[in-house]
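Just so you know, these numbers come straight off a predicted model, no measurement behind them.
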Amino acid sequence: MLIRQKPSWEIKESEATPEGVYRNRRQILQDLGLGGLAASGAPAFWFSPSSKSKSAGGPLAEVATDPSLKLYPFPRNKAYGFKRPVTPEKIVATYNNFYEFGSQKDIWQAAQALKIRPWTIAIDGLVEKPQIIGIDDLLKIMPKEERLYRHRCVEAWSIAVPWSGFALKALVAFAKPLASAKFLAMRGFEDPAMAPGQNQSWYPWPYVEGLTMAEATNDLAFMVTGMYGKPLPPQNGAPLRLAVPWKYGFKSAKSLVRFTFTDKMPETFWSRVDGSEYGFWANVNPEVPHPRWSQASERELGAGKRIPTKLYNGYGAEVASLYANMPGATPPYNRKLFM
Ligand code: MTE
């Protein structure tokens with residue numbers, strides 16, 4: 001039986017102030033030895049691939065030696081953008097949720113232990129032919145692009161990130177699912193020797209997530225392999241993570257190793273921890289509060305302000321039709337559907 005452990009994202013509203021963001025940011029920069037940047041406003045790109053920073057041990061050290069580095073940057077797909085500043089890379093790379101490496105936001109150092117090569121991805125279940133493919137072979141054949149996406153965490157903070165990767169629907173096409181497939185289940189790596197958080201037995205490891213086939217083949221669903229024009233650092237879910245920006249961030253599962261097509265709704269990591277608070281659908285909805293805090297607004301990390309949260313995180317034009325015929329999918333919204 002699972003012992004209920006509160007995720008660290010269960011913050012008090014009093015901790016979610018703009019001042020808190022500034023304090024955090026200054027602390028982060030000081031930890032990196034970049035304290036001077038806190039006052040000046042740091043550049044969005046603070047790492048160049050030519051800098052051999054692995055020995056320096058910074059949050060992008062692994063990126064400098066990533067075997068796929070030469071493939072970047074991917075061409076920008078201008079169909080995906082946002083009207084807000086790009087969040088500084090140093091914040092996105094050092095303020096993370098990755099419970100495999102700890103339940104605090106400062107896990108980037110611990111996450112450097114994630115060994116990202118060799119890395120194989122299994123594709124199985126209701127497919128024409130199960131297969132296993134290495135990440136570098138997959139990268140060779142997928143249609144690579146960069147997209148600017150907003151990311152809204154259920155903890156009521158948000159970032160705006162240039163992700164590199166490929167459309168999930170391209171991976172689905174490559175997998176050749178059978179007509180009987182209704183859902184796509186995704187599974188993260190499992191290696192407690194490498195990831196200390198996976199020794200915490202009250203969590204139902206490995207991290208698993210799932211989408212309906214309609215969600216997985218929606219244009220917005222994106223497989224991320226890089227950010228800010230470079231390969232993903234381990235702490236952001238290298239070498240392959242999901243980005244479904246109309247859903248709360250916990251749906252965007254990191255460091256994936258298996259894609260299983262199925263006719264049953266898959267179990268998800270956080271709904272196994274507490275299904276009454278973190279359900280399967282998890283569509284961003286400012287009108288449905290989390291049981292312990294409001295979802296009406298969000299902290300824009302790096303900007304020091306709160307902004308209103310939008311239904312589907314502002315991606316309604318792209319995804320609202322997915323939920324049009326679902327019972328309860330009209331205001332005031334059925335909690336089971338949207339949490
Ligand atoms: N994936 C795995 N495997 N483990 C996690 O703990 N946390 C989720 C999601 N994917 C998580 C995960 C949550 S709650 C969020 S908000 C995002 O990752 C955070 O992504 P970021 O650290 O790149 O901002």
Parallel, tilted or perpendicular: which fits the ring planes of W205 and Y203, with parallel below 30° and perpendicular above 60°?
perpendicular
Gap between atom CG of L171 and atom CE of M186 - 0.5 Å precision
9.0 Å
Under 4.5 Å between any side-chain heavy atoms of T94 and D106, yes or no?
no
Checking side-chain polar atoms at under 3.5 Å, does Y323 have a donor or acceptor matched by the opposite partner on E215?
yes
Distance col, row Q198:CD vs E100:CD, nearest 0.5 angstrom, shows 5.0 Å
Residues in ring-ring contact (aromatic ring centres under 6.0 Å, His included) with F101, at least two apart?
F98
When you compare the side chain of R152 with that of Y248, does any pair of heavy atoms fall below 4.5 Å?
yes
So CG of D219 and CD of E318: to nearest 0.5 Å the spacing works out to 8.5 Å
Closest contact, heavy atoms only, P177 versus M213:
CG-CE, 3.8 Å
Name the atoms and distances for all side-chain donor-acceptor pairs under 3.5 Å in residues 118-127, with sequence neighbours left out.
residue, atom, partner, partner atom, Å
W119, NE1, L256, O, 2.9
D124, OD1, T260, OG1, 2.7
D124, OD2, R258, NE, 2.9
D124, OD2, R258, NH2, 2.8

I'd like to check the side-chain contact (heavy atoms from CB on, under 4.5 Å) partners of A214; sequence neighbours left out, ordered by chain and number.
T212, L322
For the residue pair A111 and P234, what are the closest heavy atoms and their distance?
O-CB, 3.2 Å
Student check: side-chain heavy atoms of V244 and F222 closer than 4.5 Å
no
Does any part of the side chain of V161, heavy atoms only, come nearer than 4.5 Å to the side chain of I159, both counted from C-beta?
yes
Check: V208 and P266 side chains under 4.5 Å, non-hydrogen atoms
no
Taking the side chain as every heavy atom from C-beta outward, state whether K247 and L211 have any pair of such atoms under 4.5 Å apart.
yes
Could you check whether any side-chain heavy atom of S297 comes within less than 4.5 Å of a side-chain heavy atom of I307, counting everything from C-beta outward?
no
Going by atom types alone, do Y207 and W270 pair a side-chain donor with an acceptor below 3.5 Å?
yes
Indicate, with yes or no, if I132 and V257 share a hydrophobic cluster defined by side-chain heavy-atom contacts under 4.5 Å among Ile, Leu, Val, Met, Phe, Trp and Tyr.
no
Looking at every heavy atom in both P231 and L69, which two are closest together, and how far apart are they?
CD-CD1, 3.4 Å
Kindly write out the residues that satisfy ring-ring contact (aromatic ring centres under 6.0 Å, His included) with F189, not counting sequence neighbours, or none if the list is empty.
none
Between L242 and K251, what is the shortest heavy-atom contact and its length?
CD2-O, 3.3 Å
Please lay out, stage by stage, how S158 and R150 fare under the test side-chain hydrogen bond (donor to acceptor under 3.5 Å, both in side chains).
CA-CA 7 Å; S158 70; R150 299 182 294 276; over 6 Å; no
Please name all residues satisfying side-chain contact (heavy atoms from CB on, under 4.5 Å) with T217, sequence neighbours left out, ordered by chain then number.
K169, V172
Could you tell me the separation between the OH atom of Y80 and the OH atom of Y315, rounded to the nearest 0.5 Å?
10.0 Å
Please assess N97 against F250 for the test side chain to side chain contact (heavy atoms under 4.5 Å, CB included), listing each intermediate value before the final yes or no.
CA-CA 9 Å; N97 276 327; F250 63 85; over 6 Å; no
Using the ring of each side chain (for Trp, its six-membered ring), is Y95 parallel, tilted or perpendicular to W157, with breaks at 30° and 60°?
perpendicular
Say whether, by atom type as modelled, one donor and one acceptor occur between the side chain of S164 and the main chain of E146 under 3.5 angstrom.
no
How many angstroms lie between CG in L240 and CD1 in I116, if you round to the nearest 0.5 Å?
11.5 Å
Between R292 and E277, is the closest basic N to carboxylate O distance under 4.0 Å?
yes
Kindly state each residue pair satisfying side chain to side chain donor-acceptor pair (under 3.5 Å) with at least one member in residues 176-193, sequence neighbours excluded.
none
Does R147 have any side chain to side chain donor-acceptor pair (under 3.5 Å) partners at least two apart in sequence or in another chain, and if so, which?
E145, Y149
Could you tell me whether the side chain of M142 reaches within less than 4.5 Å of the side chain of M223, counting heavy atoms only?
no
Answer with yes or no whether the side chains of Q112 and Q235 bring together a donor and an acceptor at under 3.5 Å.
yes
Pairing residues for P143 by the side-chain contact (heavy atoms from CB on, under 4.5 Å) criterion, not counting sequence neighbours:
F166, A170
Show me, pair by pair, the donor-acceptor contacts under 3.5 angstrom made by side chains of residues 134-141, not counting sequence neighbours?
residue, atom, partner, partner atom, Å
D136, OD1, R117, NE, 3.4
D136, OD1, R117, NH2, 2.9
D136, OD2, R117, NE, 2.7
D137, OD1, K140, NZ, 3.3

Verify the distance criterion only: is there a donor paired with an acceptor across the side chains of T225 and R241 at less than 3.5 Å?
no
Hits for ring-ring contact (aromatic ring centres under 6.0 Å, His included) against F261, two or more places apart or cross-chain, chain-then-number order -> none
Hey, mind stepping through V284 and L311 against side chain to side chain contact (heavy atoms under 4.5 Å, CB included) and telling me if it holds?
CA-CA 6 Å; V284 174; L311 182 62; over 6 Å; no
Results of side chain to side chain donor-acceptor pair (under 3.5 Å) for T268 - residues two or more places apart only
S271
Passes side chain to side chain contact (heavy atoms under 4.5 Å, CB included), N285 versus T309? Steps please.
CA-CA 8 Å; N285 187 349; T309 290; over 6 Å; no
Gap between atom NZ of K254 and atom CG of L232 - 0.5 Å precision
9.0 Å
What's the shortest heavy-atom distance between G188 and P206, and which atoms?
O-CB, 3.5 Å
Heavy atoms only: give me the nearest R84-E298 pair and the separation to one decimal.
NH1-OE2, 3.7 Å
In sequence, state the C-alpha distance, the side-chain angles, and the governing distance for V288 and Q295, and then conclude on side chain to side chain contact (heavy atoms under 4.5 Å, CB included).
CA-CA 7 Å; V288 179; Q295 295 291 24; over 6 Å; no
Is it true that N96 and K105 share a donor-acceptor pair across their side chains at a distance under 3.5 Å?
no
Partners meeting side-chain contact (heavy atoms from CB on, under 4.5 Å) with E267 (sequence neighbours left out)
R272
